[in-house]
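Given the structure is predicted, the values throughout are model-derived calculations rather than measurements. One is the number of the first residue; the rest follow in order along the sequence.
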Amino acid sequence: QVQLVESGGGLVQPVGSLRLSCAASGIIFRYNIVAWYRQGPGKQRESVASIISSRITHYSDSVKGRFTISRDDAKNTVYLQMNSLKPEDTAVYYCTSGGGHWGQGTQVTVSS
């Protein structure tokens with residue numbers, strides 16, 4: 001059974017940083033594409049970043065240069081380092097992998 005568990009969300013002030021984690025069981029991240037999505041209040045879920053291998057990553061224009069996705073194969077965990085956070089980054093962040101498996105999400109709130 002595949003299980004994805006996100007953690008690391010919270011309340012942060014604008015221009016602050018957070019690091020989200022997505023830990024997996026039942027699936028090996030190094031053999032799969034892993035992506036972060038987010039859904040802000042009143043908005044549709046949108047893609048944020050994805051990682052295919054240690055060198056192939058993709059970012060949405062809204063987070064490019066501020067967010068970094070990475071993977072620790074030993075821990076079977078994918079991270080999303082979020083810097084220079086803005087209020088519009090407020091959302092529930094989800095990780096997904098393995099052709100349709102999703103975590104429960106972690107709330108990120110950027111507010112002063």
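- There is no path of hydrophobic side-chain contacts, each under 4.5 Å, that joins Val5 to Leu18.
- Under a 3.5 Å cut-off, the side chain of Thr57 and the backbone N or O of Ile51 do not form any donor-acceptor pair.
- The structure places CD1 of Ile27 at 12.0 Å from CD of Gln3, a figure rounded to the nearest 0.5 Å.
- Using modelled atom types, one side-chain atom of Ser97 and one backbone atom of Ile33 make a donor-acceptor pair closer than 3.5 Å.
- The two residues Tyr94 and Gln39 make their nearest non-hydrogen contact at CE1-CB, 4.3 Å.
- A 4.5 Å side-chain heavy-atom check between Ile52 and His58 finds at least one atom pair inside the cut-off.
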The test is side chain to side chain contact (heavy atoms under 4.5 Å, CB included); show your working for Thr90 and Gln107 and say whether it passes. CA-CA 8 Å; Thr90 295; Gln107 175 70 49; 4.0 Å; yes

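- With a 6.0 Å cutoff to the six-membered ring centre and a 45° limit on the axis angle, Arg19 counts as a cation-pi contact of Tyr79.
- You'll find the side chain of Asn32 stays beyond 4.5 Å of the side chain of His101, heavy atoms only.
- Atom OG in Ser21 sits 9.5 Å away from atom CD in Gln81 (nearest 0.5 Å).
- Under the 4.5 Å side-chain criterion, counting only non-hydrogen atoms from C-beta, Gln13 is not in contact with Leu85.
- Note on Met82: it clusters hydrophobically with Val12, by side-chain heavy-atom contacts below 4.5 Å among ILVMFWY residues.
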As a quick check of understanding, evaluate side chain to side chain contact (heavy atoms under 4.5 Å, CB included) for Asp89 and Arg66, giving each step before the final call. CA-CA 11 Å; Asp89 294 318; Arg66 300 188 298 123; 2.8 Å; yes

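- Ring centers of Phe67 and Trp36: at least 6.0 Å apart, outside the cut-off.
- What you find for Ser60 and Ser47 is that their closest heavy atoms are CB-O, 3.5 Å.
- In terms of heavy atoms, Thr106 sits closest to Leu20 at CG2-CD2, 4.0 Å.
- Residue Phe29 comes nearest to Val78 through the heavy atom pair CD1-CG2, 3.5 Å, listed as atom of the first residue, atom of the second, then distance.
- Put simply, Val34 and Tyr59 are part of the same group of oily side chains (I, L, V, M, F, W, Y) that touch within less than 4.5 Å, one to the next.
- For Leu11, the CG atom counts as densely surrounded, since its 6.0 Å shell holds more than 12 non-hydrogen atoms of other residues, nucleotides or ligands.
- Residues Leu80 and Ala49 come closest through the heavy atom pair CD1-CB, 4.1 Å.
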Go through it in stages, so that I can follow the logic: the residues are Thr96 and Arg45, the test is side chain to side chain contact (heavy atoms under 4.5 Å, CB included), and I'd like the CA-CA distance, side-chain angles, deciding distance and then a yes or no. CA-CA 12 Å; Thr96 180; Arg45 192 172 295 190; over 6 Å; no

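- Closest non-hydrogen pair, Gly105 versus Glu6, comes out as N-OE1, 2.9 Å.
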